[in-house]
Amino acid sequence: MYLRLALTLVLLVGNINLFGFGQDSLAHSTKQAQPERYKALGGNIFLGYGHLKGNISNYISNPIFLGINVDILRGKMVFQIDDYIGFGKTIQTLSFPDDLEWSENMPALHFMLGGNFGYTILNTEAIKIVPLSGIGINLLTSSFLTSSDNSKNEPILPYYKLGCYIDIKSLRLFKDHRSFNYDEDYTCIRLSFGINSPIGTPKYENYYDGNMVYFTIGMGGLGRQ
């Protein structure tokens with residue numbers, strides 16, 4: 001009797017797996033068991049420096065940046081929003097066909113906004129590394145709040161980005177010997193670097209065409225939801 005009962009149970013289990021019911025149930029239970037901590041929101045406030053290369057470097061000085069990043073995470077995937085302003089000046093006068101000029105030693109401000117996608121390749125107790133790529137726009141202008149006399153010749157420069165950021169979780173390394181793992185909130189020092197390259201050829205390319213290699217350092221963190 002017991003032998004028949006055991007054989008019946010084995011056959012039932014085999015039929016469930018054969019028709020996929022066992023797998024569906026397991027997948028459903030695993031999905032329900034997956035913690036919400038894999039969703040997270042983070043970011044940082046940073047200072048940075050951009051090194052211009054190409055034609056633009058002959059007319060515009062290398063900018064210093066002030067800005068913020070907002071990070072939206074789902075597991076190891078990261079969507080990042082960039083928003084920052086760069087401060088520089090003209091190195092020599094830019095003269096345009098409409099007889100307008102952007103004079104030497106005038107302000108050259110970079111208003112930059114972009115979106116990036118990244119993927120975490122390393123996340124230890126002390127460090128996190130995320131390569132990323134994205135696109136953005138750079139409004140290059142001589143005026144902060146008002147339009148300048150030369151506004152129609154001041155460009156909006158679309159660009160694509162290839163870069164990486166590194167979160168150094170040092171702000172908690174010496175706090176009660178707490179461990180850092182993938183599921184915990186953290187605060188950090190963030191280092192980032194990369195290159196912004198133009199999309200297409202800008203108008204007045206003899207003035208504005210070129211790349212920017214950048215480096216930033218900031219303070220930020222991550223909060224699990």
Side-chain angles (χ1 to χ4, degrees), residues 42-72 78-118 130-166 190-220:
N44 82 122
I45 301 173
F46 62 85
L47 289 171
Y49 178 79
H51 179 69
L52 298 175
K53 302 178 69 177
N55 295 343
I56 193 171
S57 66
N58 296 321
Y59 295 92
I60 306 294
S61 67
N62 296 328
I64 296 174
F65 298 129
L66 174 64
I68 61 171
N69 295 131
V70 176
D71 303 333
I72 302 168
V78 181
F79 177 73
Q80 184 183 78
I81 300 172
D82 275 333
D83 187 11
Y84 51 104
I85 180 173
F87 300 90
K89 66 176 184 178
T90 53
I91 299 172
Q92 56 180 301
T93 298
L94 290 72
S95 300
F96 301 96
D98 54 9
D99 295 328
L100 294 178
E101 291 185 344
W102 195 344
S103 300
E104 182 180 354
N105 290 324
M106 291 291 290
L109 307 175
H110 302 250
F111 292 92
M112 308 184 79
L113 178 65
N116 309 309
F117 177 77
V130 182
L132 49 81
S133 62
I135 59 174
I137 57 171
N138 175 17
L139 171 61
L140 186 59
T141 180
S142 59
S143 178
F144 185 67
L145 295 175
T146 61
S147 60
S148 70
D149 294 337
N150 187 47
S151 59
K152 66 179 181 179
N153 296 317
E154 295 170 354
I156 296 176
L157 303 172
Y159 63 87
Y160 68 89
K161 171 186 290 187
L162 294 174
C164 181
Y165 73 77
I166 302 171
R190 175 172 292 183
L191 307 176
S192 68
F193 55 89
I195 183 170
N196 295 349
S197 296
I199 298 175
T201 302
K203 187 177 181 181
Y204 305 123
E205 62 178 305
N206 53 320
Y207 295 146
Y208 300 132
D209 192 35
N211 302 327
M212 181 178 71
V213 178
Y214 67 88
F215 172 82
T216 72
I217 182 170
M219 181 176 293

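For the pair Leu66 and Phe46, the minimum side-chain heavy-atom distance is 4.5 Å or more. The closest side-chain heavy-atom distance from Met212 to Ser197 is not below 4.5 Å. Annotation: side chain of Pro63 is not in contact with side chain of Leu109 (no heavy-atom distance under 4.5 Å). Taking the side chain as every heavy atom from C-beta outward, Asn196 and Met112 approach each other to under 4.5 Å. Counting heavy atoms from C-beta on, the side chains of Ile135 and Lys161 never come closer than 4.5 Å.
Across every non-hydrogen atom of Gly88 and Ser61, the tightest pair is CA-OG, 3.4 Å. Here the shortest heavy-atom pairing between Glu154 and Ser142 reads OE2-OG, 2.7 Å. Tyr160 approaches Pro198 most closely through the heavy-atom pair CE2-O, 4.0 Å.
Side-chain N/O atoms of Tyr49 and Asn62 include a donor and acceptor closer than 3.5 Å. With hydrogens and angles left out, the side-chain atoms of Asn153 and Asn150 include a donor and acceptor closer than 3.5 Å. Side chain to side chain, Asn69 and Asn44 meet the donor-acceptor criterion of an N or O pair below 3.5 Å. Counting only N and O atoms by type, the side chains of Ser103 and Thr93 include no donor and acceptor under 3.5 Å apart. Looking at Thr90 and Glu104, their side chains never bring a donor and an acceptor atom within 3.5 Å of each other.
In summary, of the residues considered (Asp82, Val130, Leu162), a side chain to side chain contact (heavy atoms under 4.5 Å, CB included) with Asn116 occurs for Asp82 alone.
The CZ atom of Phe65 sits 6.5 Å away from atom NE2 of His110, with the distance rounded to the nearest 0.5 Å. Ile166 CD1 to Ile217 CD1: the interatomic distance, rounded to the nearest 0.5 Å, is 11.0 Å. Atom CD1 of residue Ile156 and atom CG of residue Asn138 lie 9.5 Å apart, to the nearest 0.5 angstrom. The line from CD1 of Ile85 to CZ of Phe87 is 4.0 Å long, rounded to the nearest 0.5 Å. Residue Leu157 holds its CG atom at 10.0 Å from CD1 of Ile137, rounded to the nearest 0.5 Å. Rounding to the nearest 0.5 Å places CD1 of Ile91 at 15.0 Å from CE of Met106.
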### Query
Passes side chain to side chain contact (heavy atoms under 4.5 Å, CB included), Arg190 versus Thr216? Steps please.
CA-CA 8 Å; Arg190 175 172 292 183; Thr216 72; 5.9 Å; no
### Query
When you look at Tyr165 and Leu132, which way does the side chain to side chain contact (heavy atoms under 4.5 Å, CB included) test go after all the steps?
CA-CA 8 Å; Tyr165 73 77; Leu132 49 81; 3.5 Å; yes
### Query
For Ile195 and Tyr214, what are the C-alpha separation, side-chain angles and deciding distance, and is it a side chain to side chain contact (heavy atoms under 4.5 Å, CB included)?
CA-CA 6 Å; Ile195 183 170; Tyr214 67 88; 5.8 Å; no
#### Entry: Leu140 and Ile56: CA distance, side-chain angles, deciding distance, side chain to side chain contact (heavy atoms under 4.5 Å, CB included) verdict
CA-CA 11 Å; Leu140 186 59; Ile56 193 171; 4.2 Å; yes
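Although no hydrogens or angles enter the test, the distance criterion places a donor-acceptor pair under 3.5 Å between the side chain of Gln92 and the main chain of Asn58.
Taking 4.0 Å as the cut-off between side-chain N and carboxylate O, Lys203 and Asp209 do not count as a salt-bridged pair.
Outside the 6.0 Å centre-distance limit, the rings of Tyr208 and Tyr59 are not counted as a close aromatic pair.
In this structure, Ile45 places its CD1 atom where only 12 or fewer heavy-atom neighbours from other residues, nucleotides or ligands lie under 6.0 Å away. Within 6.0 Å of the CD1 atom in Ile64, the count of heavy atoms belonging to other residues, nucleotides or ligands does not exceed 12.
Between Tyr207 and Tyr204, the ring-plane angle classifies as tilted under the 30° and 60° cut-offs.
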